[in-house]
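Below, chain A is the first sequence line, B the second, and so on; all start at residue 1.
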2 protein chains.
Amino acid sequence: MKQRSSIIGSVEALPHRVASHLSREIEGGDIIPGARLPTESQLADKFGVSRNVVREAIAQLRADGMIEARQGVGAFVMAPEQRTAIRIDREALKDQRNMEQLFELRSILETESATLAAARCTSDDLDAIKAALDRMGGEERWEDGSIEADLLFHRAIARATGNSYIYTFISFVCEQIRQSIHYARLTNPLHDLVEVNVAEHVRIYDALAAHDPQAAGEAMRRHIDGAASRVGVELTAKINRGK
Amino acid sequence: MKQRSSIIGSVEALPHRVASHLSREIEGGDIIPGARLPTESQLADKFGVSRNVVREAIAQLRADGMIEARQGVGAFVMAPEQRTAIRIDREALKDQRNMEQLFELRSILETESATLAAARCTSDDLDAIKAALDRMGGEERWEDGSIEADLLFHRAIARATGNSYIYTFISFVCEQIRQSIHYARLTNPLHDLVEVNVAEHVRIYDALAAHDPQAAGEAMRRHIDGAASRVGVELTAKINRGK
DNA sequence: GATCATACGGTCATCCTACAACATAGCAAG
DNA sequence: CTTGCTATGTTGTAGGATGACCGTATGATC
């Protein structure tokens, strides 16, 4: 391959780097919505890559609805409200405040997920949830797989709501959180915390099995809040919900 | 351009069509997670396009974490849980049941959004919400812009939560719904329904201004449920939340 | 026979050039 | 002033060439 001088860092693949660079420029407000991007050739020159690479990068951004390309005219950046995809910046989650906000969102989704699941879950759903619970409290208790089982538990509940979008959103948020705090759980595997974690899951399961929506929701909310603090994230500004 | 025989429909751009086709194959379970995709050349032949087009399509899917390409080996489909992006199929929303589920998710998010906003909103936030409300009830009352103002109102509330992820998720869900039921609002602009709609918004605003989380949440839930039925979507299986 | 270094083929990654499709601006003819 | 053509620039697509990387088969060595 010819040696070309690139103005951006290394490691990742070229199209991804270009896409990230453009994405940051757009998110950062350097390019305002409605404005036209430089031509593909200009971008290729600017980044020191071929036009093909630029096109692949733009293809990604276009799929997200971040920019719109019109043949013969150019590429334009779209308003952030009409994105066709949700993407969470892994880098941003290193900021504690962002992580807190994501946990707050998770708390909302999971609480309602448990509430709905308690009212709707079938015996098959309960079996799946129980299976995940057993994996968590069983032999994999302190192993790496317990994290996997934990996610399985929450996903099984989300599936029991019968709402595929709730399942998708919760899976997504949980996965983002997991990948960002993976280290925290590994460096802090205090056994008593694990016990607490398992106990909270049992309480949730009991409420689900009893088909008690309110109890399930409250147990889940306490669990998520507890899980957050266990990984060093404090959910601030708790509010009175009038319950 | 050379005439090539394509096995897929028309209208959209080639890379997008290929991406959608592959995406459906993966979502539909035709290709199980972990399996390898055909090589880029094979896909190019299969779809009757150039390899460049296939690469752009794959770039999109890869950005979503749907597939992973390893140089020198091939492209593999990933488990649906570890997607890096959420994308909602516009086609699927034509199915009434899916629309119901999406409305249920919106109800959850917006209810909690209003609850949080009531506790946290500043006077600036209230001003922004009021501005949207005025646009909705004012001269644009029965014009096309009222839909825009409606979205503005809900987004302003989401912003008042101070949680950027809640804002992102609500904006996204609302936008998906708007684009899918746009026709419904236009073909059914009954004035009394509009009046009801405005009245509900006023009730939400009053609760926010009074910093009453519980009232705001309940008003918002009623509003979303009402809005759903107004566009022909019935939220079934309402459950007892024990409130 | 077992083990390790090497060669080879397949695949993705990147690059390049060329051309088609499309949009816009400007100019010329009516 | 309107209409239509042309010139130019931009994105869309095609196709081929080469480099980088991986897995495996081959063969040499012990």
Side-chain angles (χ1 to χ4, degrees), chain A residues 1-23 25-26 31 34-78, chain B residues 1-22 26 31 34-78:
Chain A
M1 188 192 308
K2 288 191 186 67
Q3 260 298 64
R4 306 187 61 157
S5 61
S6 173
I7 69 169
I8 35 187
S10 51
V11 181
E12 287 269 16
L14 253 35
H16 182 265
R17 270 188 278 166
V18 174
S20 299
H21 195 276
L22 288 175
S23 174
E25 272 190 346
I26 292 174
I31 312 177
R36 217 197 75 178
L37 261 61
T39 70
E40 295 177 349
S41 303
Q42 288 171 341
L43 289 175
D45 289 345
K46 176 182 173 186
F47 291 123
V49 299
S50 81
R51 194 178 145 224
N52 256 333
V53 172
V54 172
R55 281 193 60 80
E56 279 191 35
I58 288 181
Q60 297 175 206
L61 300 180
R62 199 156 52 143
D64 292 357
M66 194 175 295
I67 73 178
E68 179 188 19
R70 293 214 299 270
Q71 187 173 213
V73 185
F76 302 84
V77 339
M78 307 282 283
Chain B
M1 189 190 305
K2 290 190 186 65
Q3 262 297 64
R4 306 190 60 159
S5 62
S6 172
I7 68 169
I8 37 188
S10 51
V11 181
E12 287 268 17
L14 252 39
H16 182 265
R17 270 188 278 165
V18 173
S20 299
H21 195 276
L22 288 175
I26 292 174
I31 313 177
R36 218 197 72 179
L37 261 62
T39 71
E40 295 177 347
S41 302
Q42 289 170 341
L43 289 175
D45 290 344
K46 177 181 173 187
F47 292 122
V49 299
S50 81
R51 197 175 143 238
N52 260 338
V53 172
V54 173
R55 279 193 63 78
E56 281 192 33
I58 288 182
Q60 297 175 205
L61 301 180
R62 200 155 53 142
D64 292 358
M66 194 174 296
I67 72 177
E68 180 188 19
R70 293 214 303 271
Q71 186 173 202
V73 184
F76 302 84
V77 340
M78 308 281 283

With sugar-phosphate meaning primed atoms plus P, OP1 and OP2, does A:Arg51 contact a base, only sugar-phosphate, or nothing at under 4.0 Å between heavy atoms?
->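 If one applies the 4.0 Å heavy-atom cut-off, A:Arg51 turns out to touch a base.
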Can you check the [X] [atom1] to [N] [atom2] distance for me, whole Å?
X	N	atom1	atom2	result
A:Phe47	C:dA13	CZ	C1'	18 Å
A:Leu14	C:dA13	CG	C1'	9 Å
B:Leu43	C:dT11	CG	P	11 Å
B:Glu40	D:dG15	CD	P	15 Å
A:Arg70	C:dT24	CZ	C1'	11 Å
B:Arg17	D:dG12	CZ	P	13 Å
A:Glu68	C:dA23	CD	P	12 Å
A:Asp45	D:dT10	CG	P	12 Å

Step-by-step side chain to side chain contact (heavy atoms under 4.5 Å, CB included) determination, A:Thr39 to A:Arg36 | CA-CA 9 Å; A:Thr39 70; A:Arg36 217 197 75 178; 3.5 Å; yes
Could you state the interatomic distance from OG (A:Ser20) to CD (A:Gln60), rounded to the nearest 0.5 Å?
->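 Rounded to the nearest 0.5 Å, the OG-CD separation comes to 7.5 Å.
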Summarise how protein sits on nucleotides 3-9 of chain D as a single string, 5' to 3': B when a protein heavy atom is under 4.0 Å from the base, S for sugar-phosphate-only contact, - for no contact.
-> ------B
Testing the basics here: between [X] and [Y], what is the closest heavy-atom pair and its distance to 0.1 Å?
X	Y	answer
A:Ala57	A:Ala19	CB-N, 3.7 Å
A:Ser23	A:Leu61	CB-CD2, 4.2 Å
B:Pro15	B:Glu56	CG-OE1, 3.7 Å

Apply side chain to side chain contact (heavy atoms under 4.5 Å, CB included) to B:Arg17 and B:Leu14, showing your working.
-> CA-CA 5 Å; B:Arg17 270 188 278 165; B:Leu14 252 39; 2.5 Å; yes
For the residue pair A:Ile67 and A:Leu22, establish whether any side-chain heavy-atom pair is separated by less than 4.5 Å.
->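 The answer is no; the side chains never approach within 4.5 Å.
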Look at the side-chain N and O atoms of A:Ser50 and state whether any lies under 4.0 Å from the OP1 or OP2 oxygen of C:dC15.
->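 Yes, because at least one side-chain N or O of A:Ser50 sits under 4.0 Å from OP1 or OP2 of C:dC15.
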Tell me, which pairs form a side chain to side chain donor-acceptor pair (under 3.5 Å) where one or both residues lie in residues 65-74 of chain B, sequence neighbours left out?
-> none
Which parts of residues 52-66 of chain B get close to DNA chain D, meaning a heavy atom less than 4.0 angstrom away?
-> B:Asn52, B:Val53
Let me see the working for B:Val18 and B:Ile58 under side chain to side chain contact (heavy atoms under 4.5 Å, CB included), right down to the final yes or no.
-> CA-CA 9 Å; B:Val18 173; B:Ile58 288 182; over 6 Å; no
